[in-house]
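Take a look at the structure set out below.
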Amino acid sequence: MEEKKRALSGIKPTGNLTLGNYIGALREFKKFQDDYESFIFIADLHALTLPIDPIFLKNNTKDIVAFYIAAGLDPEKTTIFLQSDVSAHSELNTILVNYLYMGELSRMTQFKDKSQKMNNEAIGLGLFAYPVLMAADILLYNADVVPVGEDQTQHVELCRDLVHRFNQRYQKEVFVMPKAITPKVGARIMSLSDPTRKMSKSDPKGDIFLKDDLNIIRKKIMSAVTDTGNEIKYDPENKPGISNLLTIYAALSNITVEQAEKQFEGCTQYGVFKKAVADKVIEEIGPFQQRYKEILASGKIDEILSEGARRASYIANKTLRKVKKTVGLYVHDSK
Ligand code: AQP
């Protein structure tokens, strides 16, 4: 029987998840669990790259596990685990920091965006080296595909450069070349209050949170920033607000943006259009919130994480051993 390809992705527990995280990543994960051997983790070590309250981090971590299951991940099919439970991530990170360069890391958009808002003296090394740990995450599982939103594709590209460099250096296929996969519609959901900016959990203005009360979600969509026109048209440059709402509507309806545009042809009232978008979001998020609550109440989170850590560690440790041998670290029987 042909071996299944592998898929791997994760989400940082740095805040309440947004509709952007849902459309760009979370909802996509389920699509991989039947045809791929799928590994989906909670990137809790990555969450430490910016200051975070410990209790907030711990609660967000449990939330994400419940969100994964609510989004349709089946722990029997998808290995769900915590990054910090598999020590191989940190160990491979320690090796890989020597194979990515300061110049390329300093050119990463996420680093530039996040560090720009900070005092230079207080930028942690972890924020700078974020893509190295992310490369370790991907490479430990020999992932063929990495489902992510658009903002993370640059890091996957850097990981590809690293694979090329590493395999060339040692003249063998140590690492599998991964490929980023972004959703066809909704790879970059924008803020409702400033549709030229990405909807982001660390910059919550204009966010829809997955835990928002449904009435609040409706209110937020009804007051989303649009433009002074009256045409429902996809034109991100001149009509970023309407284009963002069309994208949300299309993604959740599983149709293309062009099909969504057609549905609203002739509609000249933004209020009517916004109501349709709000209905669509609520239709999806309402039942999702219900499932999330049931999972949290079921008390099964720890069990899922323990089993996930066991399965993930087995695969990750095999890769780590191979890498250690390749670079010349002495791997002996006790290990
Ligand atoms: N606005 C978005 N539209 C589509 N996809 C998005 N993602 C994030 N925002 C959007 C995707 O969600 C996944 C999880 O992201 P992450 O938590 O690992 O980090 P991130 O990319 O930095 O996401 P955030 O929400 O912006 O987090 P903060 O603000 O904490 O840095 C990724 O696949 C991401 O592409």
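Computed from a predicted model, the values in this text were never measured in an experiment. Both counts, for ligands and for their atoms, begin at 1 and track the order of listing.
Side chain of Q83 to main chain of L45: a donor-acceptor pair is present (N/O by atom type, distance under 3.5 Å, no hydrogens or angles). With S38 contributing its side chain and D34 its backbone, the two residues share no donor-acceptor pair below 3.5 Å. The main-chain N or O of P240 is never found under 3.5 Å from a side-chain atom of N244 such that the two would form a donor-acceptor pair.
Checking F264, Y234, F273 one by one against Y249, the ring pair (Phe, Tyr, Trp, His ring centres under 6.0 Å) holds for a single residue, F264. Applying side-chain contact (heavy atoms from CB on, under 4.5 Å) to I80 and the options D74, I301, I69 leaves one that passes, I69.
Looking only at protein heavy atoms, the nearest one to atom 30 (O) of ligand 1 is T14 OG1, 2.8 Å. Shortest contact from atom 22 (O) of ligand 1 to any protein heavy atom: K12 NZ, 3.2 Å. The nearest heavy-atom contact from the protein to atom 13 (C) of ligand 1 is A25 CB, 3.5 Å. The single protein non-hydrogen atom nearest to atom 26 (O) of ligand 1 is K198 NZ, 2.6 Å, given as residue, atom name and distance.
By heavy-atom distance, the residue among D203, D151, T182 lying nearest atom 21 (O) of ligand 1 is D151. With distances taken over non-hydrogen atoms, the option nearest atom 32 (C) of ligand 1 out of K201, M190, Q152 is Q152. When P183, P13, G20, G10 are ranked by how near their heavy atoms come to atom 10 (C) of ligand 1, first place goes to G20. Looking at S202, G149, A187 and measuring to atom 4 (C) of ligand 1, the nearest heavy atom belongs to A187.
Between Y141 and F41, the distance from one ring center to the other does not fall under 6.0 angstrom. The aromatic ring centroids of H155 and F111 lie 6.0 Å or more from each other. Ring to ring, Y170 and F166 are close: their centroids are under 6.0 angstrom apart.
Ligand-side atoms of ligand 1 in range of Q110: 22 (O), range being under 4.0 angstrom from any heavy atom. Taking every non-hydrogen atom of V148 and a distance limit under 4.0 Å, the qualifying atoms of ligand 1 come out as 33 (O).
Backbone and side-chain nitrogen or oxygen atoms of G186 are examined, and none is located within less than 3.5 angstrom of a nitrogen or oxygen of ligand 1. Ligand 1 has a nitrogen or oxygen under 3.5 angstrom from a nitrogen or oxygen of N21. Geometrically, ligand 1 and I189 share a nitrogen or oxygen pair separated by less than 3.5 Å.
The shell of residues lying under 4.0 angstrom from ligand 1, judged by heavy atoms, includes K114. Residue contacts with ligand 1: I23 is excluded, as none of its non-hydrogen atoms falls under 4.0 Å.
Salt bridge status for R310 with E307: present, with a side-chain N to carboxylate O gap under 4.0 Å.
A distance of 9.0 Å separates CD1 in I42 from OG in S84, rounded to the nearest 0.5 Å.
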